Structures are given as C-alpha cells and as structure tokens.
Amino acid sequence: MASSGEELGSGCPDRVGTEPAPAAEASPLDTAEDFEVLEEEEEEEDEDDLSELPPLEDVARPPAPPREDAQPPERGGGDAPGDPQEWLDVLGSGLLKKKTLVPGQGVDTRPRKGQEVTIRLKATLEDGTVVEEDPALTFTLGDCDVLQALDLCVQLLEMGETALIVSDAKYCYGAQGRSPDIPPNASLTLEVELLAARDAPDLELLSGKEKVQLANRKRERGNYFYQQADYVLAINSYDIALRIIGSNSKVDFSPDEEAELLDVKVKCLNNLAASQLKLDHYKAALKSCNLVLEHQPENIKALFRKGKVLAQQGEYREAIPILKAALKLEPSNKTIHAELSKLVKKHADQRNVETEMYRKMLGNPSASGTPRKCKDKLPWSIPWKWLFGATAIALGGVALSVVIAARN
C-alpha cells in the first residue's frame, strides 16, 4: 500500500514496460502528498496539442494489410538479412510497424484485451544500444500499463511468436525521453516474444489488500501520464483504478482494508479532477470534487479544485466561500490566498458591470445605483393627510345638505 504521500507523484519502476515518473517537488498545498498541480502561481505554458497525445487506438479489429513497398529498416536487434516476412504497418501511419521473426501457434491463440500477458522483451535504440531486457514482463493488455507500442502490438502476437516492433517516439517515451539512457524523441526497436496469456483475476474474489495493490498500480500509472501531460491517458488509468475499488466483492474486508481502499479512492478522484481540469472538462471535474467531499468534507485539494472549477465557469459567488473554507483549514497557504484574492476582485468587477448594465436598462442617468428618496416622487402626488381632510369636509357637506332638506 502506498503511503498517503503518493497522490500524483509516485513513479513507476525504471523499465521500458512501465516508464518512470520524474521526481517532483511538493507544493505547500500538496504537503508532500502529490506534485504541484495548482498552476496559478506558475507561468502559463502553451497547452499541448491534444492531437499529438498518444491516442487510444483500438487494434482489436483485423489488421490492415502490409504495404507492398515497405522495406525493413536497417536496425540492430534481430533484422535477419533476406527474411521473407513483410512489415505490418499497424496503424497505417508508418509510425508503428511489426514483423514476425518466429511464427506462433495460430491466430486463435492471440491474447484478448483485459487478459494478463507475459512477454520476453528486449529494447534497443536505433544505433543498436540495448536499453532494456526483461525475461518475463507481465501486464494487463489494453490498460495502458506499459509503452503504448507494446499495448498495441502484443494484441497481434500469437502464442509463442517472436516479433520485431519498430516504434516512433510517439508510442514510446515521446519528447521527454527517459534519462539517462533514452534520449528525447528516440525511436525504439522492441524484440518481443509472447510467453503466456491468462484471464485477469476475478475482482470479486480479491482480498482487500490485493484490491489496494492493484488499484494503486493503476493510479501510479495515471500519475506517470499526468506528469507527461498525457491527460487523456491519465484519466483512463484513474477510471480503471476507481472501477477496481468500486467493484463488488464476495470477500469481507477488515476495517483497515476498507480505510485503505477509501484512501486510494480519494487520491484517484482528486487526481482525476486535476486531469479533467487540464482538459477544461469542468462538469466532470466538479463531479469528481463533489465525490471526494462526500467522503472528506474538509479535503483541501477537493475544496480548492471545486473553487477553481466554479471560478472558471464564472460562478464567483459560489466559488469564494468554498475557497474561504479551504483557507480556514490551512491559513498559511499562499496558493489559496492568491486564488481567493483574484476571485474577490473578479467578483467585484462582475458586480460593477452588472450594476452599470441595470442602470442603462432602467434609463437612470444617475451614476450611483442608490434608489431615489421622497423628494424624487412624482409632482402630482398628494400627502395622505390632505386627502383625508378633504374627504371629511366633503362628507360633512353632504350630511348638512341632507339635514336641511329634511327640515324643509
């Protein structure tokens, strides 16, 4: 079980299959529980083009036929001269290609999404430098637990097949690379052998400890994607972790296990909200924050992010008391102070604009919005005392006329 200090900040093992997350500094708000995700005090960076993020392609459909003009590149690591096998352009873009070196046991032995697979892996750079060797790498197929090049291509392997995969950096380590052995924008050649494929464990039969460990692995994978600015993939990993936690169980959990599961759930929801905010998915982010606050009404991160969501939607009146509640819980937090001050100013500006708009709508030339007093009443208005007196005199005159008429 990861400690409470691993919400958005935990790294993965230093291996090609599961990329390591870079170290990050804790912010005052995060209190060593996750890396800085409250960017208001940082310089705004250009938003990444989401089209350049590794897409969640589905290659479960029949693969596209190999290009007739495709030629095997001259790379180290298993490209045998004169090999008759053609290269398969997996995505049709030329960025991810596969070639069979040793045939497998038939198409019907290919693994399915959701299964646990074990592969032998050897990864090399373009110059033939070996950067990774793993005799038995195990992961859940389709969950983005490993390099996307592996997740996409292992689905196409037959049991016992050995294949060569040539992948653009987009489906490996991208522009960041992996220090110190994989440079930025580096293509990789992966030699992969499919050793085993089995159904994933039944979530209903997992113990509390096993559920916590599995959910934490998915959450840490989400943390890696968040740090790489792959927010779509981060959301995918956090959703998987939450489905694991929320799945039905036929096993009784101890109070400590229940508490651990709740802790992981809250971390996933908080990090999910942070990722959704990055993509401007305000409605979804607000829902994630509210789910956290249902369990922990004084969760500072959830309060802060909820305030930010409402502020982004222009709901300053609702956002301000939420940020005040967060500040009351942590009065020394500069990030909340700065955000609250900014919101108060924006709210005041908004009210001034609304007042001016109402003044123009009502045709009131007065610069102030104060209502007119009695002196501004219409000129034909009559005080009620005068009206009462005139009525009494008239009634008296009528009564006198009646008396005189009776005497006559």
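Bear in mind that the values here come from a model prediction, so they are computed numbers and not experimental data.
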- Message: If you count every heavy atom of other residues, nucleotides or ligands that lies below 6.0 Å from K211 atom NZ, does the total exceed 12?
- Response: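 Count over threshold, so yes.
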- So does E298 have more than 12 non-hydrogen atoms from other groups sitting under 6.0 Å from CD?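 Counting neighbours around CD of E298, 12 or fewer heavy atoms of other residues, nucleotides or ligands fall under 6.0 Å, so no.
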Just by modelled atom types, is the [Y] backbone N or O under 3.5 Å from a matching donor or acceptor in the [X] side chain?
X: N333; Y: I336; answer: yes
X: D143; Y: D145; answer: no
X: E133; Y: K122; answer: no
X: R221; Y: C144; answer: yes
X: S341; Y: A338; answer: no
X: K308; Y: E339; answer: no
X: T100; Y: P103; answer: no

Heavy-atom side-chain contact between [X] and [Y] under 4.5 Å:
X: L269; Y: K265; value: yes
X: R178; Y: D181; value: yes
X: L277; Y: Y282; value: yes
X: W87; Y: L164; value: yes
X: L157; Y: V117; value: no
X: R110; Y: Q155; value: no

Just verifying a value: how many Å separate [X] [atom1] and [Y] [atom2], rounded to the nearest 0.5 Å?
X: C268; Y: L242; atom1: SG; atom2: CG; answer: 5.0 Å
X: H337; Y: E330; atom1: NE2; atom2: CD; answer: 10.0 Å
X: R305; Y: L293; atom1: CZ; atom2: CG; answer: 11.0 Å

- Task: Report the residue from I165, V146, L190, L141 that forms a side-chain contact (heavy atoms from CB on, under 4.5 Å) with V154.
- Result: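 So, applying the side-chain contact (heavy atoms from CB on, under 4.5 Å) to V154 and each of I165, V146, L190, L141, only L141 qualifies.
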- L96: which of V166, D89, L91 passes side-chain contact (heavy atoms from CB on, under 4.5 Å):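 Answer after filtering V166, D89, L91: L91.
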- Message: Strictly below 4.0 Å, N to O, side chains only: are E191 and R120 in salt-bridge contact?
- Response: yes
- Item | Basic-acidic side-chain contact under 4.0 Å: D239, R243 |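 Looking at R243 together with D239, the answer is no, because their closest N to O distance does not fall below 4.0 Å.
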- How about Y238 and N236: does a side-chain donor come under 3.5 Å of a side-chain acceptor? no
- Please determine, by modelled atom types, if D256 and S254 share a side-chain donor-acceptor pair under 3.5 angstrom.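 Side-chain D/A pair, D256 to S254: absent.
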Report, one line per pair, each donor and acceptor closer than 3.5 Å where one atom sits in a side chain of residues 194-203; sequence neighbours left out.
from	atom 1	to	atom 2	distance (Å)
D199	OD1	R112	NH2	3.1
D199	OD1	Q115	NE2	3.1
D202	OD1	E204	N	3.0

- Query: Which residues pass the side-chain contact (heavy atoms from CB on, under 4.5 Å) test with Q105, sequence neighbours left out?
  - Reply: T109, M159
